[in-house]
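Every number for a ligand or one of its atoms is a count from 1 in the order of the listing. Values reported hereafter were calculated over all heavy atoms of this structure, with side chains retained and with hydrogens, waters and symmetry mates removed.
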Amino acid sequence: MFSIPKTVRPEPSPGFNVASTASTVVAMKHAGKEAEFFKRQVRKFVGREKPLFKDEIMPKIIDPATLERVTKMGHQPVTTAIRERYFRKALSRLIKSSEPITQVIILGSGYDTLPARKEKYTRQKGINFYEVDQAEVLGRKADKYQAQGIYPNAQYVAVDYVKENLIERLKENGVDFDSPTHIIWEGNIMYLEAEDAERVLSLLKENFKHFTISFDYVHMAFLENTTGNTEVEAAFERFQKAGLSWITGVKSLAELAQKFGLIIIDDKTSAELAKEYEVDEDPVATMQYYSVCTLRS
Ligand SMILES: C[S@@+](CC[C@H](N)C(=O)[O-])C[C@H]1O[C@@H](n2cnc3c(N)ncnc32)[C@H](O)[C@@H]1O
């Protein structure tokens with residue numbers, strides 16, 4: 001189940017607005033994916049010389065001052081780029097699977113470049129993309145794309161999916177609830193109240209006939225500061241001082257999946273992925289408490 005910390009509830013910075021995170025995250029991914037960046041940040045470099053992924057759109061939409069700021073964030077951009085690689089690989093596996101998907105819905109899409117990069121998925125495989133975010137974020141993204149001559153290749157669904165009727169807005173925008181659908185819910189759950197995150201999952205489960213969902217999550221042990229690991233405790237203190245905006249985590253993915261009648265396809269910590277992607281043999285301990293997963297209905 002999604003839970004909020006029982007013992008220590010981190011206090012978000014005053015005036016924190018989740019919409020502002022979109023531009024930071026895309027800059028972190030862009031910086032963190034490069035070998036010359038992660039080689040400097042990791043504790044025990046494994047040998048990967050290639051970037052974690054390629055993206056020709058990111059540099060066209062990133063604000064240079066934000067990019068400059070994120071390069072001073074230590075290893076965090078690397079963790080974010082690692083998670084991006086995971087989401088890309090999870091999608092490409094689903095597309096190649098024996099029951100391929102026909103729709104991709106990105107919940108809280110921010111500056112995710114997937115639909116614009118993968119126009120070939122629409123042309124060759126008939127996959128329709130939907131990006132769900134707040135109107136202000138989608139508006140800024142559309143302006144950036146237009147200025148750069150980038151075709152968005154997605155239906156933009158402007159909605160606050162917590163406060164408004166997500167399902168109605170998806171219907172109005174042409175989502176087919178009977179078609180096999182992949183949902184990407186990246187960099188969102190930790191900012192939501194636990195009951196809101198659970199309500200979204202219930203709505204998806206009730207309305208989609210077949211779906212898969214990939215999301216990232218923080219472990220409750222981190223948010224409750226009960227890891228017993230001094231390195232992680234020190235990181236938690238630093239996060240709290242900086243005004244951590246993560247409020248919700250996952251105690252047991254198995255329980256969460258069971259509660260919503262979902263099957264876990266995979267579930268990996270960032271630490272495991274850092275090794276698997278040949279980036280870091282000795283990832284910082286906090287990476288054991290941040291995971292990515294894919295579930296199916
Ligand atoms: C941290 S960013 C992540 C963006 C993108 N998914 C990524 O990982 O690169 C979070 C995004 O989710 C959007 N978001 C969060 N809560 C939302 C809500 N209730 N309704 C619509 N969008 C939301 C924010 O506006 C923001 O663009």
Side-chain angles (χ1 to χ4, degrees), residues 2 12-13 15-33 52-53 55 57-59 61-63 66-67 69-70 73 76-88 90-91 104-117 129-145 152 154-170 173 182-201 203-204 213-218 244-248 270 290-294:
F2 294 122
S13 340
F16 171 75
N17 173 2
V18 71
S20 69
T21 56
S23 56
T24 306
V25 172
V26 70
M28 288 168 82
K29 289 177 181 176
H30 177 63
K33 74 182 191 313
L52 278 156
F53 55 86
D55 196 306
I57 295 179
M58 282 181 179
I61 59 170
I62 288 170
D63 161 42
T66 308
L67 185 58
R69 180 167 57 80
V70 304
M73 284 180 162
Q76 286 180 55
V78 182
T79 313
T80 314
I82 284 174
R83 110 183 172 205
E84 171 73 13
R85 180 175 167 84
Y86 169 83
F87 282 97
R88 290 184 181 205
L91 173 66
V104 176
I105 300 174
I106 313 177
L107 270 187
S109 57
Y111 292 137
D112 193 324
T113 58
L114 166 69
R117 269 186 295 108
F129 290 94
Y130 300 85
E131 294 196 28
V132 177
D133 209 304
Q134 312 196 39
E136 63 171 293
V137 176
L138 292 175
R140 258 184 278 132
K141 183 173 189 175
D143 289 347
K144 280 176 186 279
Y145 275 10
Q155 184 72 26
Y156 284 180
V157 184
V159 62
D160 182 321
Y161 66 68
V162 167
K163 296 193 184 132
E164 297 170 69
N165 191 328
L166 171 65
I167 300 301
E168 274 310 309
R169 299 290 288 123
L170 292 178
N173 280 275
H182 181 52
I183 296 161
I184 299 174
W185 200 15
E186 182 189 1
N188 273 239
I189 289 166
M190 56 292 288
Y191 299 110
L192 303 176
E193 293 293 341
E195 62 266 29
D196 291 333
E198 293 207 356
R199 191 156 31 78
V200 171
L201 213 43
L203 284 173
L204 299 175
I213 183 164
S214 291
F215 59 81
D216 49 341
Y217 66 91
V218 187
L244 181 68
S245 312
W246 293 344
I247 55 172
T248 286
S270 299
Y290 196 101
S291 288
V292 287
C293 65
T294 301

> Just checking, any donor-acceptor pair under 3.5 angstrom between side chains of Y161 and N188?
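Looking only at side-chain atoms, N188 and Y161 do form a donor-acceptor pair, the distance falling under 3.5 Å.
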> Can you check whether M58 reaches R117 side chain to side chain, under 4.5 Å on heavy atoms?
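The answer is no, as the side chains (C-beta and beyond) never meet within the 4.5 Å cut-off.
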> How far is atom 11 (C) of ligand 1 from its nearest protein heavy atom, and which residue and atom name does that atom have?
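For this ligand atom, the closest protein heavy atom is G108 O, 3.5 Å.
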> Would you mind checking which non-hydrogen protein atom is closest to atom 9 (O) of ligand 1, with the distance to 0.1 Å?
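It is K29 NZ, 2.8 Å.
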> Which heavy atom of the protein is the closest neighbour of atom 2 (S) of ligand 1, given with residue, atom name and distance?
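The protein heavy atom lying closest is T21 OG1, 3.2 Å.
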> Students should be able to answer this: which protein heavy-atom is nearest to atom 5 (C) of ligand 1, and at what distance?
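Result: S109 O, 3.3 Å.
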> Can V25 be said to touch ligand 1, with heavy atoms closer than 4.0 Å?
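Distance cut 4.0 Å: V25 passes for ligand 1.
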> If we ignore angles and hydrogens, is there a donor and acceptor under 3.5 Å between the side chains of S23 and R140?
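Side-chain D/A pair, S23 to R140: absent.
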> Report the nearest protein non-hydrogen atom to atom 21 (C) of ligand 1: residue, atom name, distance rounded to 0.1 Å.
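Residue, atom and distance for the closest contact: V159 O, 3.2 Å.
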> Has ligand 1 got any nitrogen or oxygen that is less than 3.5 angstrom from a nitrogen or oxygen of N188?
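It does: an N or O of N188 is found under 3.5 Å from an N or O of ligand 1.
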> Show which atoms of ligand 1 fall inside a sub-4.0 Å distance from at least one heavy-atom site of G187.
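With G187 as reference, the close atoms of ligand 1 come out as 1 (C), 2 (S), 3 (C), 10 (C).
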> Can you find an N/O atom of Y191 closer than 3.5 Å to an N/O atom of ligand 1?
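Among all N and O atoms of Y191, none is under 3.5 Å from an N or O of ligand 1.
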> Examine distances only and state if a side-chain atom of T248 and a backbone atom of A194 form a donor-acceptor pair shorter than 3.5 Å.
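Yes; at least one donor-acceptor contact below 3.5 Å.
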> Among W185, F215, Y161, which residue places a heavy atom closest to atom 16 (N) of ligand 1?
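Ranked by closest heavy atom to atom 16 (N) of ligand 1, first place is Y161.
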> Apply side chain to side chain donor-acceptor pair (under 3.5 Å) to the pair Y290 and D216, showing each step before the final yes or no.
CA-CA 7 Å; Y290 196 101; D216 49 341; 2.6 Å; yes
> Can you pull out the closest protein heavy atom to atom 8 (O) of ligand 1? Residue, atom name and distance to 0.1 Å, please.
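Checked against all protein heavy atoms, atom 8 (O) of ligand 1 sits closest to R83 NH2, 3.0 Å.
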> So that I can tick it off, tell me whether R88 and E84 are bridged by a salt bridge, with the cut-off set at under 4.0 angstrom between side-chain N and carboxylate O.
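So E84 pairs with R88 through a salt bridge.
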> Any donor and acceptor pair, going by atom type alone, linking the side chain of R169 with main-chain N or O of V159 inside 3.5 Å?
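Between the backbone of V159 and the side chain of R169 there is no qualifying donor-acceptor contact (under 3.5 Å).
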> Run the numbers for me: atoms of ligand 1, each under 4.0 Å from some heavy atom of Q134, listed by number.
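Listed by number with element, the hits are 17 (C), 21 (C), 22 (N), 23 (C), 25 (O).
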> Quick one: does V137 get within less than 4.0 Å of ligand 1, heavy atoms only?
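V137 counts as a contact of ligand 1 under the 4.0 Å cut-off.
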> Within ligand 1, which atoms have a heavy atom of V162 less than 4.0 Å away?
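The atoms of ligand 1 under 4.0 Å from a heavy atom of V162 are 19 (N).
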> What distance separates L201 CG from L107 CG, expressed to the nearest 0.5 Å?
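The CG atom of L201 sits 10.0 Å away from the CG atom of L107.
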> Measure the shortest side-chain to side-chain distance between E186 and F215 over non-hydrogen atoms and say whether it is less than 4.5 angstrom.
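Counting from C-beta outward, E186 and F215 never come under 4.5 Å.
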> Considering only non-hydrogen protein atoms, determine which one is nearest to atom 19 (N) of ligand 1 and report residue, atom name and distance to 0.1 Å.
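Its nearest protein heavy-atom neighbour is D160 OD1, 3.0 Å.
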> Could you check if a side-chain atom of I61 sits within less than 4.5 angstrom of a side-chain atom of K141, using non-hydrogen atoms only?
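A side-chain contact under 4.5 Å is absent here.
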> Is the Lys NZ or Arg CZ of K144 less than 6.0 Å from the centre of Y111's six-membered ring, within 45° of the axis?
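The answer is yes; both the distance and angle limits are met.
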> Considering only non-hydrogen protein atoms, determine which one is nearest to atom 25 (O) of ligand 1 and report residue, atom name and distance to 0.1 Å.
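Ranked first by proximity to atom 25 (O) of ligand 1 is D133 OD1, 2.6 Å.
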> Give yes or no for whether the N/O distance cutoff of 3.5 Å, strictly under, is met between A22 and ligand 1.
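No - when backbone and side-chain N and O of A22 are compared with those of ligand 1, no distance drops under 3.5 Å.
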